[in-house]
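Below is one structure; the comments refer to it alone.
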Amino acid sequence: MVLSRLGEVLARHRVTVLVVAVLAAALAGAFGGGVADKLSGGGFTDAQSESARVSAALADDFHAGEANLIVLVRGDGRPEAPAVAEPATRLARWARHADGVAAMQSYWTSGHPASLRSSDGTQALITLRLAGDEDTYMKAAQRLTPQLTEHAGGLHLQFAGTAQVYSELNKQTQHDLKISEAIATPVTAALLILVFGSVVAAVLPLLIGGLSIVTTMLVLDLLTNVTSVSTYALNLTTALGLGLAIDYSLFILTRFREELAERGGKGDRATVRAAISATMHTAGRTVLFSAVTVALAMAALAVFPLDFLRSFAYGGVSVVVLAAAGALLVLPALLALLGTRVNRLDVLARWRRSRDRGRAAGDPGFWHALAVRVMRRPVPFGLGVIVILAVLGSPFWHISFGLVDDRQLPASAAVQQASQHLRDDFDSSADRSVQVVTRDVATAALPGYAARLSTLDNVARVDTATGRYVHGHRVAPPTAANARYRSGDDAWLTVVGTRGEQSDAAQQLVADVRATHSPGHDTLVGGKAAYQYDSTHALMSRLPAAGAIIAIATLVLLFLFTGSVVLPIKAIVLNILSLTATFGAMVFVFQDGHLGALVGHPIATGYLDMTVPVLMFCIAFGLSMDYEVFLLSRIREQYLRTGDNTAAVGTGLQRTGRLITAAALLIALVLVAFGTSQVAMLKMLGIGLALAVLVDATLVRGVLVPAFIRLLGSANWWAPQPLRWLHERIGLAESEAAPAPAAEREPVPVP
């Protein structure tokens, strides 16, 4: 009854509510409009991991570390030619003293090392280590690259390195956001007109979606003051805000029109208020329940130690709350103001009348017929869909994980081309290296330790203060350059592997180095491969906790909604099956490189960014509960009236099938529009989530749910007596068990 009273209050104070909403949107736009400039381009690694501590130790104690801005220099001639060497030397010396540069090494100022010259002898490198964290050195790269170009003296420059990759990813995501919004808005508006017929009704969900987007931007802006927020969070939370706001508005607006029609379509104030009150009591509960479920699923991302995922937790929970608030607070006020005028400009009225005349009398509808057909043969239909989902999901079993790099960008991106040149034409030993820092170690103990490390599998050599070691023997004595491997009582060793940092062999090497006894009192192992190793283990170790949060939330909330302990378990099993199929499709396309033409030819790297499946799982699991709740509430309502399990499924599916399909199409279109991004990770998220939503709304809700409910029979509604007693007192439902005439009507026609 609380939501009913809230609906009455909102209808009575509709003008005040709308004025507050407009002011809130204006303030959010004014203060949150610049949030894109405050977002982080990184956050993919655990800042508290062992590998992060190694990076800090190398920078602070040894004044060394990975170069995060690399300049590929090409001139009219060989790097040694005076026409190239002279301007390149000036450029390198200028760069050494540029603001934000902690260290510089170049082919021309470091004694012409072969590692800084391309294999074909046409290019050479200037490597810069920019100071600070990911955000600091990304912004430094944005400032330095045009300055370096200005000082190039006629040389042709290309830029690579982590700082430049993050900078370009940040720019690309902001550019893609504008394009995706430009695509999503008109397409969504067109589909909403097809759903409602009325242009006025179609505009309302877009208004609520716009309100949720601008207020989300303000929330993200505020969050940047207390934590790191990923630039990708802006894209995905914008898509979620628009999609969920439209989803929730669709449920409420459809129910409001039904309630008005039940009351004779009258537009007087009392009738409109009664319709709003009834709508909030029924569809409002579904929206509130769905928002809580999705928010809890998003909150599960906060258990991971990666800032990238945590920022989605903070932003995701915020956008879900704001989308639900818009649908539950602002939309009822708009409906109270419009009344029956919500049906104005009905461009499909003639088509609908023609359809109704052509429909056979007593036709139960497509979704009812589908449910009846499935329940006549639940085993063949159910097994058929399970086989389809299993085939789609089969590639998931060879999924491989990696870190975000330049190949998230398209092949045409300048930083991607430069990075590919580095991989193809330059010595990649730095990328294959494992860095070891050991404290309080005697110089005499270093040879034995380095020799042991050099005997490990997939090790090419070990460099340290006492020389170079290969296969257990010292092959080169120390030189002046080896002095950098010592800092007081601490030592640094570089273990050069034979495989790239993303390979399984490199990951095993990290584990082997950490397992090797060290003579130092505190030994840390880092490097690119170690970053991936630590990030993977950080995700895997927290995954059970995240899964438990989602599972417990689903079990508790669906029990409160249905009074059953069987249906929540069934929902979890079907959702996992559906998501496995989605993950399999993503592996097939984005990891293995098949069907690339259908998704814009992303670069297939042979692995997926490890954060994407985790992110997709939490979001898709929450979204699937939208349709689960809406369908089960209607099935349960009919079952309580008739006690006929089979008839309840048919009636419930017919009442909700077309509306669920429309909602799924709308949110899928929004996600696909955002999946047009040129960043592979965002492309995969958008397309993957759209596929998950469509599979869930069609194959799962249309076939598997009726099949499972038919097979389980009355056991669907079983719960132990104590829990049954608990549900009778605190349970939730979209409508009362008593007959409600409005619930018998078909939803607004949906194509």
Side-chain angles (χ1 to χ4, degrees), residues 21-22 24-39 41 168-195 199 202-221 224 229-250 311-312 315-316 318-320 322-323 326-327 330 408-410 599-600 615 619 623 663-690 693:
V22 171
L27 291 173
F31 291 99
V35 64
D37 297 330
K38 302 178 181 180
L39 300 178
E168 291 301 315
L169 283 171
N170 193 46
K171 292 177 184 177
Q172 189 67 53
T173 54
Q174 293 182 34
H175 175 265
D176 292 344
L177 178 60
K178 296 175 183 177
I179 294 178
S180 57
E181 287 177 340
I183 295 173
T185 302
V187 173
T188 302
L191 185 56
L192 283 169
I193 292 174
L194 290 176
V195 170
V199 174
V203 168
L204 297 182
L206 290 177
L207 291 177
I208 301 302
L211 178 63
S212 71
I213 288 174
V214 296
T215 50
T216 296
M217 292 174 70
L218 176 60
V219 171
L220 291 177
D221 188 276
T224 59
V229 179
S230 171
T231 186
Y232 305 97
L234 181 60
N235 292 59
L236 194 58
T237 53
T238 298
L240 278 179
L242 181 60
L244 288 174
I246 291 173
D247 224 7
Y248 297 155
S249 299
L250 184 65
S311 64
F312 278 105
S318 301
V319 75
V320 172
L322 291 169
V330 180
Q408 290 292 320
L409 290 161
V599 293
L615 188 59
I619 296 174
L623 290 177
L665 280 175
L666 284 164
I667 200 167
L669 279 173
V670 171
L671 291 167
V672 167
F674 282 82
T676 60
S677 171
Q678 294 298 304
V679 178
M681 180 169 56
L682 291 177
K683 186 186 294 290
M684 183 166 63
L685 276 172
I687 295 174
L689 287 173
V693 167

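Being a predicted model, the structure only gives us computed values, none of them experimental.
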Please list, chain by chain and in numerical order, all residues satisfying side-chain contact (heavy atoms from CB on, under 4.5 Å) with [X], sequence neighbours excluded.
X	result
Ala24	none
Leu234	Val35, Ala36, Leu39, Leu177, Met217, Leu220, Thr238
Leu207	Val203, Leu204
Ala680	Gln408, Pro602

Atom [atom1] in [X], atom [atom2] in [Y]: separation rounded to 0.5 Å?
X	Y	atom1	atom2	value
Leu169	Leu409	CG	CG	4.5 Å
Leu242	Ile667	CG	CD1	9.0 Å
Thr216	Leu322	OG1	CG	4.5 Å

Any side-chain heavy atom of [X] within less than 4.5 Å of one from [Y]?
X	Y	result
Ile246	Ile208	no
Ile213	Thr237	no
Val330	Leu211	yes
Lys38	Asp221	yes
Leu206	Leu192	yes
Asp247	Leu666	no

Tightest non-hydrogen contact, residues Ala245 and Ser212, listed as CB-OG, 3.8 Å
Smallest heavy-atom separation, Ser311 atom then Ser230 atom, equals OG-N, 3.2 Å
Go through the steps to decide whether Leu669 and Leu191 satisfy the test side-chain contact (heavy atoms from CB on, under 4.5 Å), and finish with yes or no.
-> CA-CA 9 Å; Leu669 279 173; Leu191 185 56; 3.4 Å; yes
Give a yes or no answer on whether the side chain of Thr185 reaches the backbone of Ala182 with a donor-acceptor pair at less than 3.5 Å. no
Has the side chain of Asn235 got a donor or acceptor atom that lies under 3.5 Å from a matching backbone atom of Thr173?
yes
Could you go through the side-chain contact (heavy atoms from CB on, under 4.5 Å) check for Val319 and Val219 one step at a time?
CA-CA 9 Å; Val319 75; Val219 171; over 6 Å; no
Do Thr231 and Asn170 have a side chain donor and acceptor closer than 3.5 Å?
-> yes
Sequence neighbours excluded, the answer for side chain to side chain donor-acceptor pair (under 3.5 Å) partners of Ser318 is none
Starting from the C-alpha separation in whole Å, work towards a yes-or-no answer on side-chain contact (heavy atoms from CB on, under 4.5 Å) for Ile619 and Leu236. CA-CA 10 Å; Ile619 296 174; Leu236 194 58; 3.2 Å; yes
Which donor-acceptor pairs under 3.5 Å do the side chains of residues 672-679 make with protein atoms, sequence neighbours left out?
unit_1: Thr676; atom_1: OG1; unit_2: Ala673; atom_2: O; d: 2.5
unit_1: Ser677; atom_1: OG; unit_2: Asp176; atom_2: OD2; d: 2.6
unit_1: Ser677; atom_1: OG; unit_2: Val679; atom_2: N; d: 3.1

